[in-house]
Amino acid sequence: MTPFQEEVYKALEKIPKGSVTTYGAIAKYLNTKAIRVVGTAVGKNPNAPQIPCHRVVPSSGKIGNYSGEGGVETKIRLLEEEGVEVKDGKIVNYQQHLFVFESQDDVL
DNA sequence: TACATGACTATCC
DNA sequence: GGGATAGCCATGT
């Protein structure tokens, strides 16, 4: 477990149900540019059911990837179970479900 | 130490 | 809006 992963997992738990966030948002929240590392850390996902890794999507509005069981299919299923519509591998009203982290120095 | 890799993003057409 | 290319930076070998 790397410190970076812990930060990422903490951020993931802040994502409310029925919402999704982007790797870029997490990277920004952690004040880092290592977007790819965020994805990598999430991909490890040692606490699968504990960490809502399925609520993380790329900025393209697509589903992205999933290392869990069933892969992307499962990820889509989970999102739909939480109220996020997914069509053709893309999130419907993606920006509407988009959740951004609260940046302390970004507020006001 | 150096190189390769990865659940991505921004830019260009 | 979408495919291809380059940049990105922590991790692992």
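We name chains A, B, ... by the order of the sequence lines, and we start the count at 1 in each one.
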Quick one: what's the B/S/- string for nucleotides 1-13 of chain B, heavy-atom cutoff under 4.0 Å, read 5' to 3'? -----BBBSS---
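Straight-line distance from the CD atom of E7(A) to the C1' atom of dT11(C): 16 Å, rounded to whole Å. In this entry the distance linking CZ of F4(A) with P of dG12(C) reads 13 Å, nearest Å.
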Is there a side chain to side chain contact (heavy atoms under 4.5 Å, CB included) between V92(A) and V86(A)? Walk through the geometry before answering. CA-CA 5 Å; V92(A) 181; V86(A) 179; 5.9 Å; no
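By the 4.0 Å N-to-carboxylate-O rule, E102(A) lies too far from K14(A) to be salt-bridged with it.
The side-chain hydrogen bond (donor to acceptor under 3.5 Å, both in side chains) analysis of residues 85-96 of chain A, with sequence neighbours excluded, yields no pairs.
Of the candidates I76(A), V56(A), L78(A), V42(A), Y66(A) forms a side chain to side chain contact (heavy atoms under 4.5 Å, CB included) with just one, namely L78(A).
A donor-acceptor pair under 3.5 Å is formed between the side chain of Q5(A) and the backbone N or O of T2(A).
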